Amino acid sequence: MSAWHEAKNWFTTEEQIILQLTEEITLIGSHGISDSVYDKAVETFGEEKTAHLILAAISINSWNRIGVGLQMHPVQYKNQ
């Protein structure tokens with residue numbers, strides 16, 4: 001979803017904040033979640049929902065890393 005930066009008019013302000021927060025969590029090794037993004041999220045969603053958004057992004061990233069690390073691929077079923 002890295003193209004969201006170029007397609008901002010396709011996303012609401014709330015969606016852009018979620019995408020930005022998710023991106024910073026995904027790239028946490030670079031610098032972590034910036035204060036400005038965190039503050040925008042809390043201002044928009046409140047502390048509890050921001051925490052839920054952060055945990056959702058962490059969960060998705062964790063499962064992706066497990067899948068990539070174990071070279072897992074979706075099962076393809078043949079039509080019968």
Side-chain angles (χ1 to χ4, degrees):
M1 286 282 302
S2 60
W4 74 269
H5 292 278
E6 290 82 33
K8 287 187 177 183
N9 59 332
W10 286 62
F11 300 99
T12 66
T13 301
E14 291 83 5
E15 291 168 334
Q16 289 179 43
I17 293 168
I18 292 168
L19 289 165
Q20 196 170 17
L21 184 65
T22 302
E23 185 174 86
E24 289 194 4
I25 290 166
T26 301
L27 304 173
I28 196 110
S30 300
H31 54 73
I33 301 170
S34 66
D35 290 340
S36 63
V37 170
Y38 180 80
D39 291 343
K40 277 194 279 187
V42 170
E43 182 181 315
T44 304
F45 303 111
E47 287 184 4
E48 186 173 346
K49 188 168 183 180
T50 298
H52 291 175
L53 291 167
I54 290 169
L55 288 172
I58 290 169
S59 295
I60 292 166
N61 275 296
S62 296
W63 285 112
N64 285 337
R65 289 173 189 273
I66 290 168
V68 170
L70 297 176
Q71 298 180 5
M72 299 173 79
H73 302 283
V75 176
Q76 294 183 358
Y77 295 100
K78 295 180 182 179
N79 291 334
Q80 295 181 9

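In this text the structure is predicted, and so the values were computed from the model without any measurement. Residues: numbered from 1 along the sequence shown.
- Atom CD of Gln16 is separated from atom CG of Asn9 by 9.0 Å, given to the nearest 0.5 angstrom.
- Annotation for Met72 and Ile66: closest pair SD-O, 4.3 Å, computed over non-hydrogen atoms.
- Considering only heavy atoms from C-beta on, Ile18 comes within 4.5 Å of Phe45 through its side chain.
- Across all non-hydrogen atoms, the minimal contact from Leu21 to Ala41 is CD2-CB, 4.4 Å.
- Residues Glu15 and Trp10 come closest through the heavy atom pair OE1-O, 4.2 Å.
- Once rounded to the nearest 0.5 Å, the distance linking CG of Leu53 with OG1 of Thr22 reads 7.0 Å.
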| task | Could you check Thr13 against Thr44 for side chain to side chain contact (heavy atoms under 4.5 Å, CB included), going step by step and ending with a plain yes or no? | result | CA-CA 9 Å; Thr13 301; Thr44 304; 5.7 Å; no
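- Taken to the nearest 0.5 Å, the OG atom of Ser30 stands 9.5 Å off from the CD atom of Glu23.
- Atoms OG1 and CG, on Thr12 and Leu19 in that order, are 8.5 Å from each other to the nearest 0.5 Å.
- Tracing side-chain contacts under 4.5 Å through hydrophobic residues (I, L, V, M, F, W, Y), one reaches Ile17 starting from Ile58; they form part of the same cluster.
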| said: Run Ile54 and Tyr38 through side chain to side chain contact (heavy atoms under 4.5 Å, CB included) and show every step you take. | reply: CA-CA 10 Å; Ile54 290 169; Tyr38 180 80; 4.2 Å; yes
| request: Kindly indicate, with the supporting measurements, whether the criterion side-chain hydrogen bond (donor to acceptor under 3.5 Å, both in side chains) is fulfilled by Glu24 and Ser34. | output: CA-CA 8 Å; Glu24 289 194 4; Ser34 66; 3.1 Å; yes
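- Trp63 and Val68 fall into different hydrophobic clusters, defined by Ile, Leu, Val, Met, Phe, Trp and Tyr side-chain heavy atoms under 4.5 Å apart, directly or through other members.
- Atoms CD1 and CD1, on Ile25 and Ile33 in that order, are 4.0 Å from each other to the nearest 0.5 Å.
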